[in-house]
S.K.: 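Pasting a structure below so you can have a look.
Predicted model, so just to flag it, every value in this text is computed and none were measured. Below, chains carry the letters A, B, ... as their sequence lines are ordered, and counting in each starts from 1.
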Protein chains: 2
Amino acid sequence: MNIKLNSREPVYIQVIRYFKEQIAKGVFEPGQEISSRRELANKLKINPNTAQRAYKEMEEQGLIFTEGNLPSRITKNEMIIKQVREELILEAVSTFIVAVQSINVPLEEAINLVKKKYEENPNEQEGNR
Amino acid sequence: MNIKLNSREPVYIQVIRYFKEQIAKGVFEPGQEISSRRELANKLKINPNTAQRAYKEMEEQGLIFTEGNLPSRITKNEMIIKQVREELILEAVSTFIVAVQSINVPLEEAINLVKKKYEENPNEQEGNR
DNA sequence: TAATGTGTATTATATGATTAATACACATTA
DNA sequence: TAATGTGTATTAATCATATAATACACATTA
């Protein structure tokens with residue numbers, strides 16, 4: 001559990017993104033049991049309702065599921081998992097392109113900067129080999 | 001004046017970013033007179049106080065300056081303008097790298113996606129040739 | 001001179017989103 | 001049976017932001 005919460009963005013949104021990233025990376029595996037609302041709230045020092053809100057939205061999006069009053073689990077639907085991954089990638093790519101175009105930086109130059117910057121501080125978060 | 005305001009982010013922040021982009025692109029030239037607070041508020045259908053807040057911050061950052069009670073102007077300090085441009089580029093690059101790393105997408109793959117996506121919808125906003 | 005248009009400042013209010021505080025039903029288990 | 005841990009739901013409180021309502025000094029201009 002390695003989330004850094006910022007105050008600029010709603011906490012439940014940040015929680016959802018974190019889960020999406022873990023799912024996309026495969027750190028959270030299909031069918032895997034996840035922390036209960038209260039447990040997550042404790043870990044992150046947030047209100048249980050905020051955790052609940054995040055979980056509720058994730059459930060609506062099919063990312064997790066809940067049977068009875070058992071702890072929720074990561075979806076077993078591989079299609080959804082694939083979509084999450086693609087959504088995150090697409091979002092990153094789109095954001096980058098929009099930003100670059102908005103200040104008229106040529107694509108090649110922007111890509112070179114990415115490569116350079118990437119080499120400067122390579123892979124901070126590995127952890128899954 | 002082509003700002004699309006979203007409701008997720010403070011309006012004055014969005015206004016500041018817009019000005020930064022225009023300055024970085026050179027659309028707003030050094031010394032150029034800009035809209036008055038009230039005029040901007042009218043154009044964007046926002047409150048004059050919100051415009052004032054944006055301008056005040058930009059003044060503190062040295063992006064614009066005001067002499068007496070004349071309309072404010074874009075800074076003539078080329079160094080600052082250069083810095084704004086670099087700040088925006090660096091921000092875009094960093095955001096992209098963080099996003100890509102957070103889901104373990106190899107850099108090469110990410111860059112290829114950028115190139116592909118870029119070709120699909122090339123330069124929407126030219127306008128300054 | 002009066003009107004208008006600048007920038008600037010202060011105080012109060014409204015709004016919407018977020019978070020907090022509780023409560024309830026249910027199931028498991030000690 | 002009582003306690004604990006689930007998910008779920010409702011209502012209240014908090015908070016940052018935006019807006020509203022004014023006011024003032026100054027300069028230009030009709």
S.K.: Any N or O donor-acceptor pair under 3.5 Å from the base of dG7(D) to the side chain of R38(A)?
M.R.: yes

S.K.: Pairing donors with acceptors under 3.5 angstrom, does anything connect the side chains of S72(B) and E59(B)?
M.R.: no

S.K.: In whole Å, what is the span from the CZ atom of R53(A) to the C1' atom of dT18(C)?
M.R.: 7 Å

S.K.: In whole Å, what is the span from the CD atom of E59(A) to the P atom of dA9(D)?
M.R.: 10 Å

S.K.: Determine: side-chain N/O of S36(B) to OP1/OP2 of dT6(C), distance under 4.0 Å, yes or no.
M.R.: yes

S.K.: With a cut-off of less than 4.0 Å, is there a side-chain N or O of R8(B) near OP1 or OP2 of dT18(C)?
M.R.: yes

S.K.: For N69(A) and K45(A), take the nucleotide of DNA chain C holding the closest heavy atom to each; which residue's nucleotide lies nearer the 5' end?
M.R.: K45(A)

S.K.: Side-chain N or O of Y12(A) versus OP1/OP2 of dT18(C): is the shortest distance under 4.0 Å?
M.R.: yes

S.K.: Return yes if the base of dT19(C) and the side-chain atoms of N47(A) contain a donor-acceptor N/O pair under 3.5 Å, otherwise no.
M.R.: no

S.K.: State, yes or no, whether a side-chain contact exists between Y55(B) and S35(B) at a heavy-atom distance under 4.5 Å.
M.R.: yes

S.K.: Can you say whether a donor on the side chain of N49(A) sits under 3.5 Å from an acceptor on the base of dA9(D), or the other way round?
M.R.: yes

S.K.: Looking only at side-chain N and O atoms, does R37(A) come under 4.0 Å of OP1 or OP2 in dT8(D)?
M.R.: yes

S.K.: Got a donor-acceptor contact below 3.5 angstrom from the S102(A) side chain to the A99(A) backbone?
M.R.: yes

S.K.: Please check: side-chain N/O of E33(A) versus main-chain N/O of P71(A), any donor-acceptor pairing under 3.5 Å?
M.R.: no

S.K.: Of the nucleotides dT17(D), dT19(D), dG7(C), which one has an atom closest to the side chain of T66(B)?
M.R.: dG7(C)

S.K.: In whole Å, what is the span from the CD atom of Q52(B) to the P atom of dT8(C)?
M.R.: 6 Å

S.K.: Could you check which of dA20(C), dA20(D), dT8(C) has an atom nearest any side-chain atom of T50(A)?
M.R.: dA20(C)

